[in-house]
Amino acid sequence: MISAGLKKRGAVWIVHGLLSVWLIISLLPPVMLLAASLNSTALFRSPLDLLLLRDFTFDNFTQAFTRGDFWFFFTNSAIISGSAVVITLVVCVPLAYGLTKISGRARSAVSFGVLAMRFIPYVVLALPMFLIFVNLGLSGSRTGLLLAHLSIHIPFATWMLVGFFDTVPHELEEAGIVDGCNPWHLFWNVSLPVVRSGVIALAILVFIISWNEYLFALFLAGSNAQPLTVGITRFLGGAEAGAEYGIIAAYAVLVIAPVILFALTANRFIVSGMTAGAVKG
């Protein structure tokens with residue numbers, strides 16, 4: 001008979017084996033992307049040659065910077081994403097805090113109104129926004145694209161922040177009132193520090209969503225406002241010229257590298273922020 005200890009060790013080995021296979025499958029796409037960016041396009045039919053870097057070159061990155069106008073698109077992405085983070089926090093932090101102070105049907109009605117935009121697929125909003133921006137003179141501008149991003153972020157951020165502010169103990173706020181805090185000081189000095197990790201995590205998520213957004217950028221951004229996600233499409237080719245996969249891979253690496261570095265640096269804020277609203281204290 002197989003002992004209980006041996007069965008347990010066997011189960012552990014099976015779990016580790018399955019997790020190892022899953023890890024390899026998960027890491028293969030980004031590894032292939034990096035390998036493709038460091039090889040000439042001629043080797044793209046052979047994955048093994050790509051991974052072995054048989055035709056190693058940095059020329060794809062050079063082409064991405066020169067022919068791809070990388071810094072121009074990078075500037076647009078940075079401005080739009082950074083502005084989206086700032087405006088979202090300025091609007092949504094006090095809005096979410098105010099919603100936690102409303103009770104009954106009023107809170108439900110306001111919350112439903114804020115979240116209503118989340119019920120609509122983004123592709124449905126692209127054409128109406130385009131027509132509105134044309135009439136307002138915002139078509140093709142960074143401002144128009146930023147407003148489109150805010151239509152995504154504000155409902156999402158408000159919903160997340162309400163959950164964070166709901167975790168603030170009522171006893172803490174009552175102690176602040178006893179100490180003479182007015183409503184502003186109660187918000188700024190008592191409640192906001194408690195949810196700081198959640199706010200930072202939300203800012204990171206808003207930045208990443210804006211940085212990676214493609215649909216609105218494709219429909220609404222003009223030639224002077226296009227971000228990196230649209231800039232990469234210039235290497236897709238057409239009916240006569242084929243796609244330049246090596247340069248596309250290099251461009252993709254340059255697009256995702258800042259987000260990955262940013263997420264790794266702020267990983268502890270993301271984890272602590274996401275768990276902050278999980279349990280009401």
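Count residues from 1 along the sequence.
Using bins of under 30°, 30° to 60° and over 60° for the plane-to-plane angle, the ring pair F70/Y251 lands in the perpendicular bin. Note on ring orientation: taking the six-membered ring where Trp is involved, the planes of H149 and H153 are perpendicular (angle over 60°, cut-offs 30° and 60°). Note on ring orientation: taking the six-membered ring where Trp is involved, the planes of W184 and W188 are parallel (angle under 30°, cut-offs 30° and 60°). In this structure, F187 and F165 have tilted ring planes: the angle between them lies in the 30° to 60° band.
Side-chain contact between L192 and V199 is present, with at least one heavy-atom pair separated by less than 4.5 Å. Inter-residue side-chain proximity for E213 and T229 is flagged as unmet; no heavy-atom pair is nearer than 4.5 Å. Between V253 and F61 the shortest side-chain heavy-atom distance falls below 4.5 Å. Taking 4.5 Å as the limit, every side-chain heavy atom of V206 sits out of range of all side-chain heavy atoms of W211. In this structure, Y214 and P227 have side chains that are not in contact, with every pair of non-hydrogen atoms separated by 4.5 Å or more. Counting heavy atoms from C-beta outward, S141 and N224 have side chains that stay 4.5 Å or more apart. At a threshold of 4.5 Å between non-hydrogen side-chain atoms, the residues L33 and I256 count as touching. With contacts defined as side-chain heavy-atom distances shorter than 4.5 Å, the pair F133/T143 does not qualify.
When all heavy atoms are compared, the tightest approach of N60 to L38 is ND2-N, 4.4 Å. Scanning all heavy atoms of the two residues, the minimum distance from F74 to L228 falls at N-CD2, 3.6 Å. When every heavy atom of S139 is checked against every heavy atom of F130, the shortest pair comes out as OG-CE1, 3.7 Å. Taking every heavy atom of both residues into account, S223 and F72 meet most closely at O-CZ, 3.4 Å. The shortest non-hydrogen separation linking A221 to L145 is CB-CD2, 4.0 Å. Looking at every heavy atom in both residues, T158 comes nearest to A96 through O-CB, 3.9 Å.
When the side chains of ILVMFWY residues are joined at heavy-atom separations under 4.5 Å, either directly or via intervening members, I177 and L172 end up in a single hydrophobic cluster. There is a path of hydrophobic side-chain contacts, each under 4.5 Å, that joins W159 to V85. Under the 4.5 Å side-chain heavy-atom criterion for ILVMFWY residues, a single connected hydrophobic cluster contains both I247 and W71. With hydrophobic clusters built from ILVMFWY side chains whose heavy atoms lie under 4.5 angstrom apart, I152 shares a cluster with V124. With hydrophobic clusters built from ILVMFWY side chains whose heavy atoms lie under 4.5 angstrom apart, L125 shares a cluster with F219.
Just one residue in the list I154, L99, V162, L150 forms a side chain to side chain contact (heavy atoms under 4.5 Å, CB included) with C92, and that residue is I154.
Side chain of S81 to main chain of A78: no donor-acceptor pair is present (N/O by atom type, distance under 3.5 Å, no hydrogens or angles). Under the 3.5 Å distance criterion, the side-chain polar atoms of T233 are matched with a main-chain donor or acceptor of V230. The backbone N or O of F65 lies less than 3.5 Å from no partner atom in the side chain of D69, so there is not a single donor-acceptor pair. Judged by distance alone, with hydrogens and angles left aside, the side-chain atoms of Q63 form no donor-acceptor pair with the main-chain N or O of T66 at under 3.5 Å. A donor-acceptor contact shorter than 3.5 Å links the side chain of S37 to the backbone of L34.
Here the CG atom belonging to L136 is positioned 12.0 Å from the CE atom belonging to M129, to the nearest 0.5 angstrom. For the atom pair CG (D166) and NE2 (H170), the distance works out to 7.5 Å, reported to the nearest 0.5 Å. To the nearest 0.5 Å, atom OG of residue S210 and atom CD1 of residue I79 are 13.0 Å apart. The CZ atom of F235 sits 8.0 Å away from atom CD1 of I248, with the distance rounded to the nearest 0.5 Å. To the nearest 0.5 Å, atoms CG (L202) and CZ (F156) are separated by 6.0 Å. Note that CG of L95 is 12.5 Å distant from CG of L89, once rounded to the nearest 0.5 Å.
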So H185 and V190, side-chain contact (heavy atoms from CB on, under 4.5 Å) or not? Walk me through it. CA-CA 7 Å; H185 288 154; V190 177; over 6 Å; no

Can you check ring-ring contact (aromatic ring centres under 6.0 Å, His included) on F58 and F56, steps first, answer last? CA-CA 7 Å; F58 278 117; F56 181 83; 5.0 Å; yes

Given V195 and V168, is the side-chain contact (heavy atoms from CB on, under 4.5 Å) satisfied, shown in steps? CA-CA 8 Å; V195 300; V168 179; 3.8 Å; yes

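Between R234 and E244 there is no salt bridge, since no side-chain N of the basic residue sits under 4.0 Å from a carboxylate O of the acidic one.
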